[in-house]
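Both ligands and their constituent atoms are indexed starting at 1 by order of listing.
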Amino acid sequence: MEQSTQPFTQAIEQSSLPLLSNSDQPLPPIASSSTLAADPSQTAAPPVPAAPETSQAESQPAVVLSGFAAAQSLAAAKPNPVPYIEPPPYVAPALTSTAATGPSTGVAALSHPKQFLTNEEREKMTPDQLRETSKSRGVPVAELLSEDEVQKFDTATLRRMGLGRTPSGYCFSSRMTLHKQLDSASKDDPHPEQPTRITGIFNRLSLAGLTDRMERIAVREVVRDEVMLVHSEGHWDRVRATGYQTVDYLASCSEYFDRLSLYVNPETSRCARLSCGGVIEMCRAVAEGQIRNGFAIVRPPGHHAEPEDAMGFCFFNNVAVAAKWLRTIYDGQQEGASGQKVKKMDKILILDWDVHHGNGTQKAFWDDPNVLYISIHRHGDGFYPGGNYGAAEMVGEGAGVGFSVNVPFTETGMGDADYIYAFQQVIMPIAYEFAPDIVLVSAGYDAAEGDKLGQFKVSPEGFAHMTHMLSVLANGKLVLALEGGYNVDSIVKSAHACVEVLVGDEPRHLQLGPASASATTAVQEVIKIQAKHWKCMGFAMEPAEELKSAGKVVPVAEMLKAHRVYELYHEYELFNVEISKPELEEAYKDQLLCSPNIYDAETLLIFMHDIGSIKSSHTAATMDVDLERTLLLDTSREVLDWAMKDNKWGVIDVNFLAHLPSIKGQVPDRARDVKLEKEFATFIWDHIARLSSAQNIVLFASGAGCSAMMEIVSKRPDTRERVRACISVLGLEAPPELDAASGMRSWYKERSLVMLPSTHVLHDDARKAGKHQKKYGNVYRATAEDEGRPIHLLRASLPRIRQFVDERLPAPRMMEVDESAAGPAPPKGDGDVEMKSGDIVV
Ligand SMILES: [Zn+2]
């Protein structure tokens with residue numbers, strides 16, 4: 001990601017204009033908001049004399065100040081000359097207008113507490129006097145005013161009186177549209193980061209009447225010292241220098257800018273300053289209570305800009321600069337919009353839902369425990385910005401460990417259910433535990449449906465619900481700042497839905513299906529990684545070394561193997577077979593079981609399968625397995641019943657425990673496991689199946705056994721002679737492919753049945769069915785009975801499998817069940833096989 005900054009430097013050196021000293025920018029003192037954040041509403045309110053002490057009021061006969069005269073007398077600090085008026089006793093408002101007195105049947109007539117003030121008195125009062133009166137009487141201002149009277153005041157005045165909601169705000173300036181491609185470049189290949197992105201959003205919000213309901217916050221240019229909270233001085237100078245170059249010169253640098261995924265025109269520098277300054281102003285307005293939340297309609301975006309580098313359409317990191325600014329500027333002493341103290345911004349949450357990882361933002365706060373950076377993005381396969389910065393393992397460094405949280409999705413097509421799942425499982429729990437003082441959102445909309453760059457499909461409703469969830473944090477202090485998003489229609493709709501939530505409209509209806517397998521896997525991985533840093537993520541399992549010091553460690557896999565050996569011997573008389581090859585014996589000890597009739601049964605089943613599925617529940621506090629609710633779902637029994645109880649076939653039962661060597665402390669290595677599984681499969685063929693006199697052999701594989709079965713078919717051509725059927729039952733993974741060079745494809749197509757769940761991706765494109773048959777064999781879509789869950793697939797497909805096998809076995813012999821074949825039989829063949837204390841060795 002390191003790139004030469006030569007042309008920027010050249011730009012400064014070759015500039016015929018003197019490089020402006022940054023001192024021409026009046027810099028605000030960083031420690032005070034007063035110069036940067038002059039708010040007219042702060043000075044508009046006249047000083048209000050303090051209300052009388054309650055204790056004083058209590059010690060005297062009950063005197064209630066009334067109306068304008070009361071306020072006047074207070075201001076003059078004279079004893080109260082107003083005659084005492086007895087307030088009427090409280091009577092609950094009548095539900096029908098018949099109880100109302102006077103001619104009015106409206107609400108005002110029913111709201112008796114307003115009778116504290118006469119109409120005349122109310123009309124004469126200033127807003128500040130009204131507020132004081134409400135304080136001194138312990139009655140809300142709203143109770144002193146009728147609906148009509150409320151309408152007379154503007155929002156700021158209402159807020160000063162403690163009425164009305166703090167509105168939402170937005171910032172926008174059409175000056176930010178001046179950053180655009182040079183004419184020469186835009187004709188051939190229009191750049192996706194186009195000016196209409198912000199005009200589109202602004203126009204939509206205006207047409208929908210939303211901007212009328214929001215306060216417009218003025219955009220200003222960021223100044224050098226603010227930018228330098230994140231970026232270097234050199235970076236500031238380089239960006240600024242582009243503003244003094246001619247179009248021709250910038251055009252000559254376009255190749256360099258292209259490499260950084262940038263384009264630059266003479267207005268770029270100013271637009272970058274406005275964009276960054278706009279986000280700061282939104283943050284200021286929210287922090288100071290001028291607005292509750294807001295949306296910054298700004299460009300160019302910022303989250304890729306690193307301290308030293310502009311890149312990925314970004315020049316200054318708007319959100320990062322604003323976050324550092326908030327951290328720096330408020331010391332808890334400044335006054336906010338309604339005279340209250342502005343909270344010190346100790347903890348800031350930056351949530352980045354742009355489809356790209358915000359490498360620049362993460363870098364700016366990599367070792368900072370005060371700014372929590374959470375990014376949910378597409379990752380891998382060289383997706384921008386590339387590298388490994390967006391991986392789940394990237395959690396920060398030093399004091400900042402755990403304060404970078406990455407939720408990387410590795411597949412395209414992620415949608416609402418996937419995002420909401422990540423929010424519910426990871427983002428919101430961590431955000432609550434962090435308890436931020438303000439939330440900034442790097443609100444890119446390139447994960448939106450219709451964005452060709454992102455290839456995700458989050459709907460406007462999805463974005464609205466995410467906004468809604470975030471709006472409960474930090475007392476509602478929330479700033480959304482536009483980042484990416486390149487389908488103008490999509491970003492306009494998405495921004496609209498988010499702003500509806502910001503102004504307080506109810507979030508739109510959203511109905512979710514389950515999150516995808518890929519997203520749930522990604523999110524669960526994040527939970528495992530972040531469990532070390534966040535209590536809400538549960539406990540991470542201690543390393544095996546630590547556990548060993550506390551007692552004997554027994555892998556559950558070993559217990560399961562022992563259980564299977566015991567159970568299958570007692571129920572089916574399957575014998576545990578010792579394997580003569582040491583490395584296979586080490587890996588598959590107790591996992592090869594055979595029926596006594598394997599050498600002389602008419603039909604032999606080689607059944608290669610997983611251990612089954614363990615369904616477990618955990619004790620939340622310790623992550624211990626809750627044994628009472630932990631079950632092994634062993635689907636192999638149905639197959640064994642069919643083969644042995646219904647048909648008296650010989651059975652070779654091979655149990656492939658996935659990642660077996662990893663339980664011995666090695667790093668899981670699926671490629672190594674698969675290699676061993678294949679070797680084991682051919683070993684079984686060579687040392688048992690070939691020696692059997694069975695005329696019919698059925699290969700049956702599920703899960704991990706499928707690639708092993710394919711190895712037998714591809715590498716042992718003598719399977720053609722006796723193998724009648726090859727059954728595979730798979731989950732959502734791709735089925736193993738038969739090697740074209742084996743010359744077995746047409747043979748395999750006739751005899752194979754590849755059962756895939758009804759939701760398997762191979763079913764999606766019916767036009768490719770022929771192609772799939774060649775590669776994978778006879779692919780069959782399971783019925784909806786499996787409900788898309790591979791775990792139920794074997795049981796759901798067994799009737800179809802049985803029919804398929806029956807059709808391929810020689811019919812007459814199917815009926816000849818020779819009872820005498822049952823029971824242990826002396827092994828045939830050479831010295832490879834011998835009986836040993838009840839066990840067979842192969
Ligand atoms: Zn993006």
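In summary, R259 and E255 do not engage in a salt bridge, as defined by a charged side-chain N under 4.0 Å from a carboxylate O.
Within H356, the N, O or S atom lying nearest to the Zn ion (ligand 1) carries the name ND1. Its N, O or S atom nearest to the Zn ion (ligand 1) is what matters here, and for D446 that atom is OD2. As for D354, its N/O/S atom nearest the Zn ion (ligand 1) is the one called OD1.
Classified by interplanar angle (parallel below 30°, tilted 30° to 60°, perpendicular above 60°), the ring pair F172/F202 is parallel.
With F409 as the aromatic partner, R378 does not meet the cation-pi criteria of under 6.0 angstrom to the ring centre and within 45 degrees of the ring axis.
Side-chain rings of Y384 and H357 stay apart, their centers remaining 6.0 Å or farther from each other.
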